[in-house]
**Student:** 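I'd like to ask you about the structure that follows.
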Amino acid sequence: MERSDGILIKNIEIAKVFDDIAKILQIKNENRFKIRAYERVAVTIENFPMEVETIYRAGQLDEIQGVGEAIAKKIEELIETGKLEYYENLKKSIPSGVLELLKVSDVGPRKAKLFYEELGIDNVDKLEEAAREHKLENLPGMGKKAEENILRGIELYKRREKRALLGVALPIAEEIIDRLKSLKEVNQIDIAGSLRRRKDTIGDIDILVTSKKPEKIMDKFTHLPEVKEILAEGLTKSAILTRQNIHVDLRVVEPDSFGAALQYFTGSKAHNVRLREMAVKQGLKINEYGVFQTKDDKKVAGREEREIYQKLGLPFIMPELREDRGEFEAARKNQLPELATMEDIKGDLHIHTSDSDGLNTLEEIVKEARKRGYSYIAITDHSQSLSIAGGLNEKRLQEQIEMIEKINNSFNDLIVLKGIEVDIKSDGTLDFPDSILQKLDIVIAAIHTGFKQEREQLMDRLTRAMQNPHVNIIAHPTGRIIGYREPYAVDMQEIIRVAAKTNTALEINASPERMDLNDIYVKSAKEKGVLLSIGTDAHQLSSLDNMAYGISIARRGWLEKNHLLNTFSLAELRKRLKN
DNA sequence: GCCGTTTTCGGCCCGACTGTTTTCAGTCG
């Protein structure tokens, strides 16, 4: 049966099948390289910018990295029948609850197998019961300590919070770093991990320090006001849980290895594996202490992160690019992008005022924008049909336009652009006629209702909006709210094609819970020649700060300055906007 | 199971820590 979005099977579902296969094969103690092949292809497919099903229909499965003959056949079977016999058979031998056991820290494939085969444990609850009744400690390879650790692992598993938003984790990390920096014993300090790569969600915060007096650092760290619980305290590594239930690791490393450690702990895992494979081919070995010559184990780099790449003949690769999404190929050809920065941003193109559902007045926003040194901002309140958000009707919009013109006459360091976030209504029409839209400098169109519609209908609404000669930008194009709402069932590659054809920009909505478009689609859009526009969608002054998160997505999507609408001068911006 | 500036066959990233072991397996990042 065809699904509402027209795609029979989504990438994430295919990825899950291969990931499960890898886990089951692990438990069955299969060849570890075979397991890695499945793991790798699962990650690739989960991050793939196009629907794998579309690739399959085009007969180009073999162009996906890590898909060979066997996996291609399995993808075909999944798409054509909705099932995979190989997978179904594997699942019969290992119940899915046993896979769940792997999520408990200190339980890996060998122990999961042991518990299942010896005690029939096939879910986490049974594991907890068995541990409490001390049934685990007498199993081969187990003991009292191991049993205690598993109980602790179950406890952590049960209250594990979802991944934290970048917008939540980054301020906490910066606060902690500021506090630690106040210690004179701290020499170098930096964020590592997915937070340094600026992923839109973060599993835990990793911080690296060099110091001659680690005990001082660790003492301060474990007694920070943010700490709810100390999870581990040692001289090289400590871990805490913050009051927001975010796990923070702090590591102290030698100055001579700081660069190597930073590289290593920044990841991503896929990036590091590729890097190390390349090193081996060049007679080098990379670990978290440095780069070593294989022949005599002589250390040739480690202090500076830049050296690690240098020794492999590569230019420095920015943390945001380290996802094994083509950065090595680009680096070899010296074609890495010169990533956009906050300094390139000339203005914010998506802001709400108290005329609709914002908290601050137009005047307050203008004052704040001037303080930030912006050259322009766009005021884009909601339109009339979004009455719950105080959407503007024609009369109130006209009043706002007049107000903006008055403000623009009162100073000359900032221009306020007259705009609207016009609703794309359920039937696909816009909430204002062209006669009104044409009075505005900038028109953002967005879907706020009917986002559970069928794919075809949603595509029609967005396509028609982009075809309107006055619509400049599509706001939050997929509509996702991280952790709460799935993206609309749209074909983003098709949206990108239409955007290119109609010269419509796509928004990078910088609100931390949206982060929409995401990095993968941003990269696709760039490759198709579509301009992106970072908008904070601010409903209050403090949210103007979210621009930095928008820049994070832009950088993760390989954008340079000239791929972003709001890096242009006002004159250039006006030229780029269709109308 | 995949893949090719060593290879169409023989490789496939690296090290720390822990606990259970008398030399190492399992787990993790």
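The figures that follow rest on heavy atoms only: side chains count, while hydrogens, waters and symmetry mates do not. Chain naming here is simple, since letters A, B, ... match the order of the sequence lines and numbering starts at 1 in each. Computed from a prediction, not measured in an experiment: that's the story for all the values here.
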**Student:** Would you mind classifying the nucleic acid contact of Lys285(A) as base, sugar-phosphate or nothing, using non-hydrogen atoms under 4.0 angstrom?
**Tutor:** sugar-phosphate
**Student:** Taking the side chain of Glu277(A) as heavy atoms from C-beta outward, which of dG1(B), dC13(B), dT6(B) is closest to it?
**Tutor:** dC13(B)
**Student:** Determine the contact category for Lys144(A): base if any of its heavy atoms lies under 4.0 Å from a base atom, sugar-phosphate if only primed atoms, P, OP1 or OP2 are that close, otherwise nothing.
**Tutor:** sugar-phosphate
**Student:** NA contact type, Asn272(A), heavy-atom cut-off 4.0 Å: base, sugar-phosphate, or nothing?
**Tutor:** nothing
**Student:** Please tell me whether Tyr157(A) and Glu100(A) have a donor and an acceptor in their side chains that are separated by less than 3.5 angstrom.
**Tutor:** yes
**Student:** Ala37(A) has a side chain; which of dG1(B), dT27(B), dC13(B) sits nearest to it?
**Tutor:** dG1(B)
**Student:** Any chance the side chains of Tyr38(A) and Lys74(A) put a donor and an acceptor closer than 3.5 Å?
**Tutor:** yes
**Student:** To the nearest Å, give me how far apart CZ (Arg251(A)) and C1' (dG29(B)) are.
**Tutor:** 7 Å
**Student:** Just jot down the side chain to side chain contact (heavy atoms under 4.5 Å, CB included) partners of Asn149(A), sequence neighbours excluded, or say none.
**Tutor:** Asp106(A)
**Student:** Nearest whole angstrom, please: distance from the P of dG1(B) to the CG of Leu25(A).
**Tutor:** 8 Å
**Student:** Among dA16(B), dG1(B), dC3(B), which nucleotide has an atom closest to any side-chain atom of Glu288(A)?
**Tutor:** dA16(B)
**Student:** Rounded to whole Å, please give me the gap between CG in Asn138(A) and P in dG19(B).
**Tutor:** 17 Å
